[in-house]
Each structure stands twice: as C-alpha cells, then as structure tokens.
Amino acid sequence: MERPGGIHEDDPLGGDFVTPEHAALIDGEPLPTARVNAFLEAPYRGAGLHQFAAPPRGATSHDGPAPARRQMEPPSVARQRRRWATQVIVTDELARRACAARGLKVPEELSPAKALTLAESDVADLGSIVAAALAHSPAARTLLAALESEQTVPETAVRDYYDRNQDRFLTPDALRRGVTPFDGAAPEDVRPYEEVREAISRELQRAAGHQAFFGWLDQARADVTYSHGHEHPGDPSHPDHEHRH
C-alpha cells in the first residue's frame, strides 16, 4: 500500500509533518503529542515499555519511572520508542472511536501508570504494539471483547482441531507413561471429545476475535497521517526502521 504524502507541500517523506504539538492526524483531527509523551513518561509494567527494546520485544516485570530507566539508551532507540508509543496511542484513539460508533460503553480510562499486565505469551501472540494497546486502553479491550463475541465457530472446526491435536488432550496417566499420539495412543489415553469441546470452542473463538481485531486495526490505520518522527517503527522510509514482534 502506498504511503500518503505530506499534508503540506514541503513535508518530508517518511513522516507527514503536522505540527510539533500533533503526533498524527486521524480523519483530519489532530492527535496531541502530549498523549504520546504521557505514555512514554509513565511508570511501566507488563506489556509496557521494555528497557532496551525498540519497539519492545515483550513483557517485562520491571516497575519504575520510565525516563530514569532510559537515560543511557541510544538516540535511535529513543526515536523508535516514540514511534512505537505513537502506534499504541493511535490504536487507543481508533478503538475509542470504533466503540462510540458501535454504541459500546467503555470503562473508565486507566492512567498509563495503572496499565494492565499481560503475559509474555499474549505479547508473542499479539505483537508488542497490540498487546501494549490492550494493556493500556479500555476501549481496545472493549472492542476486542465485542469482536470476539461476534465470532461463530462451526462444530466441524472444533472437531477438526480435536482430531488434529490429539497430543494436547492426552490424559494425565498417559502423560505419566510417556504416551504420544505418534506412538499410536489408545483411545483411553485421549480425553473424550465431549470433555474438551467447550474449551476448544472458546480457544478458537478467541483466536477468531484476535484476527477480527487485527483486520479492523489494519483498515482503521490506513487513513492515519503521521507527523515526522511518529511514523510506524517498521516504515522503511526512515533510517531507524525495523520490524519486530
């Protein structure tokens, strides 16, 4: 997809200069840089800002004032951290608007210092930007829950998952004996389908909800115009670009 050009005649490639006070334009409305700064300056935890990653590589258990932890980081890391944080705040703003359009009630906003902690497995599954947005943004979590509730998992998909992943449903006794499905597990070594069906269906519905959220976010971000220095961390048109999950 071709990136949009600057909104002013002399805007540089690699980022659309709006004003120093604006990190981005969303549907023509400015997103204040102050919101990005507040996120960057807050104490962090969980899927917050990792000390040395740009963008963060995953969850961290460190709690403490963020600026004090970053005094020694290279300038390129600081620039990428700002770009990463901008994506988190843009996702929050887009989710707020999506919830309003859907008539969804969003819980009271958390301060950045009270962001939820996400497990490292969630960060790996979602990517650091989406994981941090969900930890930071009540609107993003509300929208994700709504999208997940809309997903329907066919019975055939549940059964197919069960049949193709027998190793996940071995009985405790079979596991103690070292049985694997690849060695020809007996029927009694595998938990019955009826016993695990509901858990499989929930897992597949959750995965479908994540995919719906990703699809919504990709479409919603398409028309966002970024100020210079707030581009996506993986945008190849700026010298610091990199793409991590």
Side-chain angles (χ1 to χ4, degrees), residues 45-48 56-61 88 91-92 94-110 114-221 244-245:
R45 55 177 61 81
R57 298 185 183 187
T60 173
S61 60
V88 174
T91 301
D92 171 53
L94 291 170
R96 293 187 197 199
R97 298 183 184 200
C99 286
R102 286 168 162 256
L104 298 174
K105 183 178 180 180
V106 178
E108 184 177 350
E109 183 177 7
L110 293 174
K114 296 181 179 179
L116 300 182
T117 298
L118 291 183
E120 288 196 34
S121 59
D122 288 332
V123 178
D125 290 342
L126 297 167
S128 68
I129 289 172
V130 172
L134 290 170
H136 167 75
S137 170
R141 294 192 297 277
T142 298
L143 179 61
L144 175 61
L147 291 171
E148 183 176 319
S149 70
E150 295 170 359
Q151 307 307 309
T152 301
V153 181
E155 184 70 26
T156 53
V158 179
R159 182 75 206 199
D160 181 63
Y161 186 90
Y162 174 80
D163 291 340
R164 290 188 295 104
N165 295 276
Q166 295 278 289
D167 57 310
R168 297 194 58 186
F169 308 112
L170 293 172
T171 66
D173 179 66
L175 290 172
R176 282 192 294 270
R177 290 186 285 109
V179 173
T180 75
F182 314 106
D183 298 328
E188 59 269 20
D189 291 328
V190 181
R191 296 170 64 189
Y193 174 70
E194 294 74 17
E195 183 179 309
V196 297
R197 177 196 171 282
E198 186 175 347
I200 296 173
S201 181
R202 285 197 305 268
E203 183 175 341
L204 294 180
Q205 185 179 36
R206 181 171 180 264
H210 286 168
Q211 289 302 314
F213 187 88
F214 294 145
W216 161 79
L217 183 57
D218 284 344
Q219 185 175 10
R221 285 191 300 201
R244 295 179 184 167
H245 290 280

Less than 4.5 Å apart, any side-chain heavy atom of [X] and any of [Y]?
X    : Y    : answer
Y162 : V158 : no
T171 : E188 : no
L144 : L134 : yes
L147 : R102 : yes
T91  : V130 : no
R202 : E148 : no
R191 : L170 : no

Nearest atoms (heavy-atom pairs only) where [X] meets [Y]:
X    : Y    : value
A212 : Q151 : CB-NE2, 3.7 Å
V153 : S201 : CG2-O, 4.0 Å
V179 : A185 : CG1-CB, 3.7 Å

Would you compute the distance between atom [atom1] of [X] and atom [atom2] of [Y] and round it to the nearest 0.5 angstrom?
X    : Y    : atom1 : atom2 : value
E198 : I200 : CD    : CD1   : 11.0 Å
D173 : D189 : CG    : CG    : 7.0 Å
Q211 : W216 : CD    : CH2   : 14.5 Å
Y193 : Y161 : OH    : OH    : 12.5 Å

Q219, CD atom: more than 12 neighbouring heavy atoms under 6.0 Å: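 Result for CD/Q219: open.
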With sequence neighbours excluded, what pairs up with T142 under the side chain to side chain contact (heavy atoms under 4.5 Å, CB included) test? C99, L104, V106, P107
